[in-house]
Q: 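Starting off with a structure, shown below.
This is a predicted model, so every value here is computed, not measured. Each ligand, and each atom within it, is numbered from 1 in the order the structure gives.
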Amino acid sequence: MQKTQIRQWVAQHPLLQQMAALQPLTWFNPRATTLQAGLPHVGLSAEDVADAERRLARFAPYLSAAFPETRAAHGVIESELVAIPAMQQALNARYGLPLPGRLLLKKDSHLPISGSIKARGGIYEVLAHAEKLALAAGLLQVTDDYARLFSAPFPEFFGQYRIAVGSTGNLGMSIGIISARLGFNVSVHMSADAREWKKQTLRDNGVTVVEYAEDYGVAVEQGRRQAAGDPNCFFIDDENSKTLFLGYAVAGGRLKRQFEQQGIQVDAQHPLFVYLPCGVGGGPGGVAFGLKLAFGDHVHCIFAEPTHSPCMLLGVYSGLHDGIAVQDLGIDNHTAADGLAVGRASGFVGRAMERLLSGFYTLDDDEMFALLGILDEQEHIQLEPSALAGMAGPWRVAGHPAWLSERGLNAGDMARATHLVWATGGGMVPAVEMAKYLAAAQAAR
Ligand SMILES: *Cc1c(COP(=O)(O)O)cnc(C)c1O
């Protein structure tokens with residue numbers, strides 16, 4: 001799109017003016033439709049997700065052997081679901097609006113191996129690639145006990161292959177750690193906003209870290225270019241990967257079983273709202289796809305982005321998807337929420353999911369830091385700034401009664417509602433770094 005075209009178009013859309021002025025905003029998606037009407041546009045099915053689930057089940061014995069922290073859960077990488085009533089009370093006061101229903105937290109922040117939501121998609125894609133190579137070489141059969149992969153000849157076999165990825169930090173952590181453990185030569189191309197301790201952790205795990213002074217888009221492009229010249233190198237494409245997306249989607253069925261175990265109902269009279277921090281879109285998009293398959297039209301998925309990086313909101317609102325970047329609106333893509341510092345959304349995820357996402361909102365960095373401090377104080381749970389983006393969501397929804405009544409949701413339904421905030425990262429943040437976040441949180445309140 002041309003600069004003059006963009007200027008005209010911004011002038012015609014007050015929402016884009018607000019966005020360009022970095023004002024926090026909430027937008028409910030008028031193109032949101034039923035699962036039945038939206039599903040054919042995704043290009044993936046429930047069977048694809050079931051296939052991913054079976055693949056993860058095959059790898060569970062390997063994960064259990066290679067990562068002792070997954071042993072208790074028999075090699076299943078899954079997170080806890082907890083109620084956060086004290087947080088709900090504190091935010092009722094902060095936002096001056098009592099939230100009916102219950103507030104829960106999905107602690108992907110504390111997923112084993114890499115301490116973020118990327119332990120779902122990132123690890124899954126590397127496992128899928130390793131399986132494909134080993135099957136093709138005749139070294140493995142799907143009926144084998146995959147714990148075999150932990151010993152000879154597999155590390156040497158995978159050592160002939162390279163894996164590359166571009167990342168703001170957490171995707172690199174997941175892909176780097178699992179790839180190196182399997183035996184691959186792995187390079188992680190890190191954007192400027194990636195934290196030093198993540199680079200160090202990767203180097204300590206035998207991963208090659210390539211640093212860039214530019215943002216995520218540049219790190220990904222450079223990674224892609226280097227990989228393109230090497231037939232033995234597999235580039236993990238965060239922006240377009242269906243495999244990554246399916247790894248995330250497995251979360252839907254798993255959450256459904258957790259809800260059943262905890263006696264939490266989801267149906268027309270008990271709506272579920274899920275708030276997902278969004279960067280490039282693969283993580284929240286894949287999880288939302290899994291949630292829609294699991295709960296159908298009774299789940300409402302809302303994406304949260306920083307005011308400085310509202311790439312998915314911009315892509316879906318405009319219908320231009322990856323044809324536009326926040327920088328085109330003069331937005332700088334600078335945020336302390338490093339996992340969300342993405343200027344251009346995944347075109348694949350935006351196009352696949354735009355009919356199945358209920359809404360989007362933005363919040364500023366100070367708000368994420370304030371929420372980080374309040375959660376620490378009220379619930380003694382520590383997250384990284386990105387992971388707090390979803391926390392404001394329930395009060396955005398509660399503050400839009402007209403949208404709720406259009407969806408046929410009345411006060412009784414909302415009193416029975418579950419609001420689930422997806423905590424996407426923070427479990428591996430070193431204590432000294434967390435102390436800095438908490439100090440910034442004090443200043444932001
Ligand atoms: C990557 C990440 C997200 C968002 O995932 P995308 O796939 O980039 O949209 C959210 N929170 C944290 C902590 C992340 O690392």
Side-chain angles (χ1 to χ4, degrees), residues 79 105-111 113-125 165-176 188 190-191 193-195 198 215-217 219-220 236-249 251 274-290 301-306 309-316 322 333 335-350 352-353 357 360 363 365 368 371-372 382-391 393 421-429 433 437:
S79 69
L105 190 71
K106 181 67 173 155
K107 288 174 72 182
D108 274 16
S109 47
H110 292 74
L111 280 172
I113 302 180
S114 67
S116 82
I117 187 172
K118 306 297 193 312
R120 296 183 185 277
I123 289 175
Y124 174 70
E125 174 138 27
V165 66
S167 172
T168 62
N170 286 337
L171 184 66
M173 290 274 281
S174 293
I175 287 174
V188 176
M190 289 279 215
S191 57
D193 32 41
R195 304 286 143 179
K198 291 182 183 170
D215 78 356
Y216 167 83
V220 170
I236 294 187
D237 187 347
D238 193 16
E239 295 171 5
N240 298 296
S241 171
K242 295 191 165 131
T243 311
L244 206 63
F245 186 86
L246 290 169
Y248 290 116
V274 183
Y275 305 91
L276 296 144
C278 180
V280 72
V287 169
F289 180 53
C301 300
I302 317 261
F303 281 13
E305 294 178 298
S309 308
C311 65
M312 188 60 82
L313 169 54
L314 177 61
V316 171
D322 53 354
N333 190 31
T335 170
D338 40 29
L340 312 181
V342 178
R344 189 184 301 274
S346 159
F348 151 59
V349 173
M353 292 300 294
L357 301 175
F360 299 80
L363 75 175
D365 280 19
M368 284 184 255
L371 292 166
L372 187 153
Q382 282 109 35
L383 304 178
E384 64 182 274
S386 298
L388 276 305
M391 194 63 81
V421 174
W422 212 278
T424 46
M428 280 175 60
V429 175
E433 300 295 326
Y437 285 151

Q: Tell me which residues fall inside the under-4.0 Å heavy-atom shell around ligand 1.
A: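 Close residues (ligand 1, cut-off 4.0 Å): Lys118, Asn170, Pro277, Cys278, Gly279, Val280, Gly281, Gly282, Gly283, Pro284, Gly339, Leu340, Glu384, Ser386, Thr424, Gly425.
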Q: Checking side-chain contact (heavy atoms from CB on, under 4.5 Å) for the pair Asp338/Ser386: CA distance, chi angles, key distance, verdict?
A: CA-CA 7 Å; Asp338 40 29; Ser386 298; 4.0 Å; yes
Q: I would like to know whether Val342 and Ser309 meet side-chain contact (heavy atoms from CB on, under 4.5 Å); could you show each step before the answer?
A: CA-CA 6 Å; Val342 178; Ser309 308; 5.8 Å; no
Q: Is a side-chain donor or acceptor of Lys106 paired with a backbone partner of Ser79 at a separation under 3.5 angstrom?
A: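 Yes, because the side chain of Lys106 sits within donor-acceptor range (under 3.5 Å) of the backbone of Ser79.
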Q: Is it the case that the side chain of Glu305 and the backbone of Cys311 share a donor-acceptor pair, with hydrogens and angles ignored and the cut-off at 3.5 Å?
A: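 Side chain of Glu305 to backbone of Cys311: a pair is present.
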Q: State whether the side chain of Asn170 and the backbone N or O of Lys118 hold a donor-acceptor pair below 3.5 Å, judged by distance alone.
A: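 Not at all, since once roles are kept as given, no pair shorter than 3.5 Å links the two residues.
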Q: Distance check, rounded to the nearest 0.5 Å: Arg120 atom CZ versus Thr424 atom OG1?
A: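 One gets 11.0 Å once the value is rounded to the nearest 0.5 Å.
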